[in-house]
Structure formats: C-alpha cells, structure tokens
Number of protein chains: 2
Amino acid sequence: MVAEDAAASVIEKKTSRSKTSRRVRLTQKAIVAAAADLFARNGFGATSLDEIAERLGATKGALYYHIKNKEDILRHIYLMVLTASEEPLAEIAAAPLPPAEKLGRAIVHHATVAANRSPAMTVFYREHPHLTGPFAREIVVRKKVYERYFEQIIEEGQAAGVFSRAIDAKIATFGLLGMCNWLSQWYQPDGPYTHQQIAAMFVRM
Amino acid sequence: MVAEDAAASVIEKKTSRSKTSRRVRLTQKAIVAAAADLFARNGFGATSLDEIAERLGATKGALYYHIKNKEDILRHIYLMVLTASEEPLAEIAAAPLPPAEKLGRAIVHHATVAANRSPAMTVFYREHPHLTGPFAREIVVRKKVYERYFEQIIEEGQAAGVFSRAIDAKIATFGLLGMCNWLSQWYQPDGPYTHQQIAAMFVRM
DNA sequence: TGACAATTTGAACAACTGGTAGAAACATAC
DNA sequence: GTATGTTTCTACCAGTTGTTCAAATTGTCA
C-alpha cells in the first residue's frame, strides 16, 4: 500500500506538470542523493533507473544526460563519502595533540560521518562488489589509507604508553570502525542521543 | 571475459554430463549454501537463480523442486543464522555466572558466529529489505530479542557495580555488536589471529 | 524576436529476470 | 522386466532491466 501511495503521488506530479507545462530540473547531485537513498533501502542491484527517475519526477532517459551509466552513480556516491571523510581525518592525525585526544576526535569525526551521510554510508559499506575496473581498486586503497590513520594514532598512543599494548592496533582499529559503521544501521537522528553523545560513549569504551 | 569463460565451462559440464549420462544431486542445504555465497558476493537483487543453479551444476528448473521461490532461499539463510545464534546465547544469559564472565562468553559466541557463517552473516545484515510479509516482521523481533540479551547482561553488570554506568546499556550493546558484525567484513580465517583471540581482545576493550 | 545550445522526452532495443509446465531421466520395489 | 514415485531437464512466458537515440522542448542571449 505504501508503494501504491508513492505511485499515486507520482501520477499527481506528472499530471500537474503537464498542466503547468513545466519539466523537472535535474542535477547530478540530486540524482546521486536520490539514488543513495534508494540503494540504501533496496540495494544497488534491486534498484532500477526507472525508480530513481520516478523519485525525481523525471524519466529514465533524462538521467543519461547527467550520468554515464548506473555504475557511474555508485561511483559518485563513493566519492562523496570519501571526500567528506578523508580530509578532516588527515588533519586530525597531523595535528599536534596527545594521542588520546586525537583518537577521541577521530572517533567523533567518523561517527559524525556515519550518522549524517547515513544512506550514502550504508551504500558505501554494502555495494562495493558492484564497482568494477580501476575505480574499484582505488576505493580499496583509499579505504585502507583511511583505516591506517586510526592504526597510526593507536600505535602512537601505545608508544607513548597511554594505550594498552595488550590489543593489536589493527584489531582495535577494526573494532572501533565497526562500532561507528554500525551506527548507520540503527542510528535515528530523533533518538534519545545525538551522534556526538554516542561518539563520546564510544571514546570512553 | 570472465562471464564467457564461465559460460564455456558450463557448456563443457553439460556435454560431459550428457556423455556420462549423470545428473547432479541437489539438496536444499546445498542450494542455500551456494546462494548465501553468491548473495554475499553480489547481493540478493543482483544474483539470478540461473547463477545459483550454474554454480551447483544444475538448472534453474531443478531448484524449484526444493525451494518455493527466490525469497524462500533468503528465508532459509536467515533461519540458519538465527538458529545458530539464538540458543547458545540464551544459555549463556541464563547461566549462573558473574556478569563480566557472561559478557565475555556472549562476545566470544557472537564473534564466532560472525566469523564462521561469514557469507550467511553478511547476507543477514544486508538483505533484510528483501524479506516481505510476516517473516520479515518475525526477523526484526528475533533480532531485537537477541540484542536484548546483551543489553540485559550489561544492565546486570551495571547493577552489580562491575560495569560503568557512564555508558547507556543500549549504546554499549550496539557498539559491541557493531565490532563483532564488522568481523564478517574483514576477517580471514588464515590471518594472524583466530576469531577467539580477536574476541578476547574485544572483551578487553 | 530568432538562433543556438542545453536539456528532456518517449519509444525502441536486446538481454535478462523469476517463474511454470511437461517431458525425460532416475531410483526403488516388486 | 515393469510400475511407481522422485528428481532434473528443456523450453517457454511475460515482465523488467540498462542503454541508446532522434525528436521535441526549454533556456539563453544577442
């Protein structure tokens, strides 16, 4: 019944469009945002270009003026997430701060990205098998670089004697990232805690 | 070219099969296992029944003798994961142990499931939107029950004064589960650590 | 206004999808 | 051997998919 309602509203849009004789203004950004939402909800393989176009009040053919193909949309989602994640983390890692403070800020940053870009983030950690060619390899590399920042901060802390050496830095990194990434699966902005509060609890852990 | 090779090998199989006049023996278990692997790799929506049949050296039509439809396969994967997860955790939660020991065992158990049933586990946390009807609701409920066990153990520990009250039990649960679930994304059985060792490190965290 | 570029449409396409029906191959018991 | 029930194969259907493209529409600016 939800699907029927959605379909009905689209028909409404279409008829009102033909009345006012106005067409929709598409942008690459809007396409990527709508697609991220649908990919997160239904998966890349199960989302059709028709659905994406429908949500934007346009037709499938129009999409191809702004994007190369379906995978191209996915590529843009990955670039979006990466550009929002990498730079701030690199700054934190390079800042002249004690390791504990660095780690805290890094976790807050990552949790913020996970909470804010929720749909894109969900896609990011789900649909990488659908990326092909050199771009797929690039993403793997950049993901590893990203993880490496956390690892280095933890190693720094261990060398300085503020973090326990009982836990391997790699495993600790995966554990921390796992906690944060899992956020995008359950976090609701209108819940009892903000993502900053949650990040603070993670830091304490 | 990969697809062509695969197609070629199938033709080979078919001809050799008709030569030796032997057909494949299918079981529901084998179908579900093969499907879990493909779903984990390519996603539910992007995996066709032809591919599943191909991997088993059979044809699509034969699958339908053992399963009701495509979603039915997904249902079996979910039941597999749940039956392997629920009972042991319930036992741990009910055992007369100190909360710290309970939590440790629960984490080890969950990490073990995440590491062992890796493909099924990946599917479990990815493809729930493709479950429909009452079964979908049942899964949500059983997932929540599962999480509730962890929450209760933590609350127990907080009441006994062994765990810090600074962290909300719900958030702590999501954090711990996040760490473990993330395992299925990166854990390799031939890596430097066993899943027990990793679980032990998580417990220490 | 008119001309030219930017944008959208709508139809067509080949390939593929989940699902079905009935014939064919098999195993088992007699 | 035949008869019977189980399992797999082949061939097909109707619907959907990503992608292309000429034609139609809109925006822009002289």
Side-chain angles (χ1 to χ4, degrees), chain A residues 3 7 10-11 13-32 34-35 38-39 42-76 127 130-133, chain B residues 2-4 6-7 10-32 34-35 38-39 42-76 127 130-133:
Chain A
V10 165
I11 291 166
K13 260 185 210 162
K14 272 189 187 166
T15 51
S16 76
R17 174 148 34 96
S18 60
K19 260 184 207 165
T20 60
S21 197
R22 265 236 200 95
R23 290 192 299 182
V24 194
R25 214 43 211 231
L26 279 182
T27 61
Q28 209 181 64
K29 228 191 208 167
I31 294 173
V32 171
L38 289 168
F39 290 167
N42 307 325
F44 177 80
T47 304
S48 70
L49 293 173
D50 275 316
E51 287 177 85
I52 298 170
E54 187 183 303
R55 155 155 321 197
L56 292 162
T59 57
K60 189 168 50 170
L63 299 183
Y64 275 84
Y65 183 79
H66 302 273
I67 54 146
K68 235 184 73 199
N69 50 40
K70 196 185 178 188
E71 194 185 330
D72 191 42
I73 303 180
L74 195 58
R75 275 196 286 268
H76 276 97
E127 313 290 358
H130 292 107
L131 291 175
T132 61
Chain B
V2 175
E4 281 168 23
V10 165
I11 291 166
E12 229 172 64
K13 260 185 208 163
K14 272 187 186 167
T15 52
S16 75
R17 175 144 34 95
S18 59
K19 260 184 206 165
T20 59
S21 202
R22 264 232 200 98
R23 291 192 300 180
V24 194
R25 208 57 205 215
L26 279 180
T27 61
Q28 207 182 66
K29 228 191 208 167
I31 294 173
V32 171
L38 288 168
F39 290 168
N42 307 325
F44 178 79
T47 304
S48 70
L49 292 173
D50 276 317
E51 286 177 87
I52 298 170
E54 187 184 301
R55 149 142 344 182
L56 294 162
T59 57
K60 186 170 52 173
L63 298 183
Y64 275 84
Y65 183 79
H66 302 273
I67 54 145
K68 235 183 75 198
N69 51 39
K70 197 185 177 189
E71 194 184 331
D72 191 43
I73 303 179
L74 195 58
R75 276 195 286 268
H76 275 98
E127 313 290 356
H130 292 107
L131 292 175
T132 61

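Every chain is numbered from 1, with letters handed out A, B, ... down the list of sequences.
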Distance in angstrom units between A/Ile67 CD1 and C/dT8 P, rounded: 12 Å
Sugar-phosphate, base or nothing in reach of A/Thr27, heavy atoms under 4.0 Å: nothing
Gap between atoms OH and P, on B/Tyr65 and D/dG5 respectively (whole Å): 12 Å
Whole-Å gap separating P (D/dG18) and NE2 (A/His130): 11 Å
Candidates C/dA12, C/dG19, D/dC9 - which lies nearest the side chain of A/Lys60: C/dA12
Any donor-acceptor N/O pair, B/Glu127 side chain to B/Leu74 backbone, under 3.5 Å: no
B/Glu51 and B/Asn42, any side-chain heavy atoms less than 4.5 Å apart: yes
Earlier contact from the 5' end, DNA chain D, for B/Gly61 and A/Ala46: B/Gly61
Closest to the A/Leu26 side chain, choosing from D/dT8, C/dT8, D/dG18: C/dT8
Contact under 4.0 Å: A/Thr59 side-chain N or O vs C/dG10 OP1/OP2: no
Side chain proximity check, A/Phe39 to A/Ile73, heavy atoms < 4.5 angstrom: yes
D/dT16 phosphate, OP1 or OP2, under 4.0 Å from A/Ser48 side-chain N/O: no
Separation of C/dG19 C1' from B/Asp50 CG (nearest whole Å): 11 Å
Spacing of A/Leu63 atom CG relative to C/dG10 atom C1', expressed in whole Å: 14 Å
A/Asp72 CG - D/dT20 C1' separation (whole Å): 16 Å
Per A/Tyr64 side chain, nearest of listed nucleotides D/dT19, C/dT9, C/dT8: D/dT19
Heavy-atom donor-acceptor pair, B/Lys70 side chain to B/Phe44 backbone, under 3.5 Å: yes
Whole angstrom value for the distance that separates C1' of C/dT8 from CD1 of A/Ile31: 12 Å
Nearest-0.5 Å distance, CD of residue A/Glu54 to CG of residue A/Leu38: 9.5 Å
Listed nucleotide nearest any side-chain atom of A/Ala62, set C/dT9, C/dT17, C/dG19: C/dT9
Per B/His66 side chain, nearest of listed nucleotides D/dT19, D/dT8, C/dT9: D/dT8
Whole angstrom value for the distance that separates P of D/dT10 from CD of B/Glu54: 14 Å
Candidate nucleotides D/dC9, C/dT9, C/dA12, ranked by approach to the side chain of A/Ala58 - the nearest: C/dT9
